[in-house]
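I have placed the structure first, in the form of structure tokens, so that the comments after it can refer back to it.
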Protein chains: 2
Amino acid sequence: MTWTPQDDPDRSPEVPAGKTRDALRAAHLYYMQDLTMDAIAAELHTSRSSVSRLLSHARASGLVEISIHSPLDLPSRLEQAIRERHEIAAHVVPVPDQASDVDRLDRVALSAARILGRFIDSNQLVGVAWGSTMSAVSRHLVPKSTHNSEIVQLNGAGNLRTTGILYASELLRRFGDAFGAKVQQFPVPAFFDDPATKEAFWRERSTKRLLELQGRLDVALFGVGSPFAEVASRVYQGGYLERDDYAALSADGVVGDVATVFYRADGSSDGIPLNERATGPDFGVLRRAPRRICVVSGRAKLPSLRGAIAAGLITDLITDEGTARALVDERTPSAP
Amino acid sequence: MTWTPQDDPDRSPEVPAGKTRDALRAAHLYYMQDLTMDAIAAELHTSRSSVSRLLSHARASGLVEISIHSPLDLPSRLEQAIRERHEIAAHVVPVPDQASDVDRLDRVALSAARILGRFIDSNQLVGVAWGSTMSAVSRHLVPKSTHNSEIVQLNGAGNLRTTGILYASELLRRFGDAFGAKVQQFPVPAFFDDPATKEAFWRERSTKRLLELQGRLDVALFGVGSPFAEVASRVYQGGYLERDDYAALSADGVVGDVATVFYRADGSSDGIPLNERATGPDFGVLRRAPRRICVVSGRAKLPSLRGAIAAGLITDLITDEGTARALVDERTPSAP
DNA sequence: GGTCTCCTTGCACGTTTGTGCACGCGAGTT
DNA sequence: AACTCGCGTGCACAAACGTGCAAGGAGACC
């Protein structure tokens with residue numbers, strides 16, 4: 001050991017410089033020189049298990065990045081088809097058809113989290129919706145250090161019983177930590193009871209500041225809600241909407257929502273009363289973001305996905321293989 | 001399985017499309033979704049061992065790329081020091097000091113081969129020297145598909161006993177294969193016996209064409225020779241030079257060579273008679289390449305390396321830790 | 001100074017992965 | 001048709017790896 005154990009002013013406190021140095025060195029030896037962990041342990045004067053942990057750390061903290069390049073002549077047929085048909089850059093996550101919905105979501109979220117680093121960079125304003133898909137993604141993010149980026153919450157998270165702020169802040173915090181970004185919370189319920197309250201709130205200066213941020217996002221990240229699918233999105237599970245609301249949605253021909261804003265199969269969202277009480281950004285606002293990434297898992301969400309595409313909300317899609325296949329399959333109905 | 005097992009017009013014959021598709025899928029599942037090989041075997045309806053081999057193939061053929069990012073605030077002190085002192089971008093390969101020279105070369109070559117993909121791209125003219133270092137590198141290249149690139153041999157390879165063409169072509173072929181590039185051989189001995197022969201040869205149209213290519217390289221790749229070090233470079237081992245030649249080099253104060261062209265500690269190469277018979281490009285020509293990558297392993301080559309730096313031949317250096325450390329150490333003498 | 005807590009380390013074990021070998025299939029040859 | 005050669009496959013074993021656990025060490029707080 002020749003280096004001194006000096007501390008470093010790392011962005012995330014906790015991690016001493018020595019550890020990062022060792023992890024880096026271990027990663028070089030392991031991934032660039034194909035040494036075994038045993039050999040590396042000898043070089044670093046530590047135990048093999050520590051090297052194993054060091055390498056885990058190196059992967060989890062983004063020191064090591066593993067990327068997969070398709071040969072240009074062999075891009076996934078599905079991705080190509082989606083690109084051609086919908087003008088959307090798709091990332092299809094291979095998942096066997098018989099996988100459970102939970103598995104599927106997990107696997108898509110894991111892949112999504114790892115792909116995300118490519119989209120998010122310094123000096124960017126990143127909008128993140130609140131929902132079960134985003135929550136799953138947030139648990140697997142690979143850190144990437146950026147400067148001067150901000151994470152902006154797109155829609156409220158409270159429901160009738162809890163303020164939801166804890167969950168939402170946890171989710172947002174994970175994004176903020178992963179990218180070294182400042183976090184802008186939006187402490188409102190998912191839906192207001194009374195449109196008037198929303199309007200009042202929207203006149204508050206703190207709210208205006210946030211809405212202004214939402215209006216100039218560089219990247220928006222969201223899932224889609226699927227009100228009538230077997231596996232309901234979080235928005236439809238616990239106390240966010242009442243029986244009457246559902247009836248109204250049904251009557252309006254709603255097929256899904258993005259960040260609490262509902263839309264029909266043709267992508268239209270005008271004249272849906274519930275949207276007067278929603279807290280997410282109007283689609284016109286959302287569409288100002290040059291890059292709009294949607295993560296979708298499960299064929300049950302296909303109608304919602306089709307609607308979101310029709311609404312022109314999506315520029316980049318991350319989804320599982322089954323859903324992707326169904327999306328390009330003409331025979332699959334686009335309405336439920 | 002829904003896709004058909006159709007063949008593909010791959011650039012390298014041999015590899016069927018199905019294999020690449022499977023490898024790609026396996027890589028996704030393994031590296032993006034953290035499945036075990038067992039689980040992947042089940043999804044691909046094959047055995048675990050095949051998956052292991054599939055993944056090896058995916059790594060070796062560049063489908064999977066593993067890169068290591070230092071946090072910007074923690075670049076290797078050595079790399080930083082070299083950058084500041086010599087205006088060279090350095091890649092330091094960690095190798096323990098007690099490693100043997102053979103180990104050292106192997107490990108540097110392995111790392112170098114894996115870094116190389118970052119430098120070589122489509123539509124480039126890449127010059128490659130012939131020597132033991134380049135030979136070691138060539139054995140570990142990771143393929144990367146490029147279009148319209150060419151590999152150009154920088155110096156001849158024959159000696160008194162063999163034409164060396166076989167070895168040289170093998171080395172060049174590996175580079176060509178790895179990058180899908182055309183290969184321009186240079187079928188001459190390393191040194192001519194008589195300067196007049198060289199001059200005559202240099203007037204040949206086929207030679208002129210090659211020299212013209214050498215004059216507009218995008219990337220040059222070479223090691224350094226070290227005539228008086230304990231472990232002599234290939235150029236000094238078998239039958240390339242005679243006793244008188246060595247004496248002459250010594251008298252001229254030569255400290256090393258790049259692609260058969262000799263230089264002194266101060267980087268000068270004029271007035272060295274042997275260079276009249278050398279087949280490598282004049283340094284003035286070599287320096288026209290915007291990127292000049294030098295791979296050096298072993299402190300014995302330090303004086304040669306210093307000379308090459310003094311001659312301004314190097315823009316990017318790949319070397320082992322010990323050599324890098326010695327390079328920035330003021331106390332290490334720069335002449336042998 | 002004590003002690004409490006949290007973090008790190010190495011060990012031991014079970015799991016996961018790499019690889020030599022033998023088998024089997026298909027193409028090309030005689 | 002028989003043969004051979006090359007290649008891909010799975011098996012079985014050995015090597016390499018991940019992780020729960022208990023012990024040790026460094027603060028932090030009393």
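Order of the sequence lines fixes the chain letters, A, B, ..., with proteins taken first and strands second; residue numbering starts at 1 for each chain.
- A heavy atom lying under 4.0 Å from DNA chain D marks the following residues of residues 35-42 of chain A, by number: A/T36, A/M37.
- One interatomic measurement links the two molecules: CG of A/L44 to P of C/dT9, which rounds to 11 Å at whole-angstrom precision.
- When the local axes at the two ends of the helix from C/dG1-D/dC30 to C/dT30-D/dA1 are compared, using 5 base pairs at each end, they differ in direction by 20° after rounding to 10°.
- Closest approach of A/L29 and B/P94 over heavy atoms only: CD2-O, 3.4 Å.
- Atom-to-atom distance recorded for A/K182:NZ and A/L172:CG is 14.0 Å, nearest 0.5 angstrom.
- The nucleotide whose nearest atom lies closest to any side-chain atom of B/R53 is, among C/dG10, C/dG18, C/dG20, C/dG20.
- Closest to the B/R48 side chain, of the nucleotides D/dT9, D/dG18, D/dC13, is D/dC13.
- Within the structure, a side-chain polar atom (N or O) of B/R59 is placed less than 4.0 Å from OP1 or OP2 of C/dG18.
- One N or O on the side chain of A/Q124 and one on the backbone of A/D121 form a donor-acceptor pair closer than 3.5 Å.
- At a threshold of 4.0 angstrom between heavy atoms, the contacts of B/S56 with the nucleic acid are absent.
- Put simply, A/S52 has a side-chain N or O that comes within less than 4.0 Å of OP1 or OP2 on D/dG18.
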Check step by step if side-chain hydrogen bond (donor to acceptor under 3.5 Å, both in side chains) holds for A/T146 and A/S149.
CA-CA 7 Å; A/T146 66; A/S149 296; 3.3 Å; yes
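- As judged by a 4.0 angstrom heavy-atom cut-off over every strand, A/S50 is placed among residues touching the sugar-phosphate backbone only.
- Residue A/T46 places at least one side-chain N or O under 4.0 Å from the OP1 or OP2 atom of C/dG10.
- Expressed to the nearest 0.5 Å, how far OG1 of A/T46 lies from CZ of A/R53 amounts to 9.0 Å.
- Of the possible polar contacts, one joining the A/S61 side chain to the A/H57 backbone as a donor-acceptor pair under 3.5 Å is found.
- In this structure, CG of B/L54 is placed 14 Å from C1' of C/dG18, rounded to the nearest angstrom.
- The interatomic distance linking A/D34 (CG) with C/dT17 (C1') rounds to 14 Å, in whole Å.
- Considering CD1 of B/I40 and NE2 of B/H28, their distance stands at 11.5 Å, rounded to 0.5 Å.
- Look at NE2 on A/H57: it is 16 Å from P on D/dT19, rounded to the nearest Å.
- The CD atom of B/Q184 sits 5.0 Å away from the CD atom of B/E150 when rounded to the nearest 0.5 Å.
- In terms of heavy-atom proximity, B/A181 sits nearest to B/I151 at CB-CG1, 3.8 Å.
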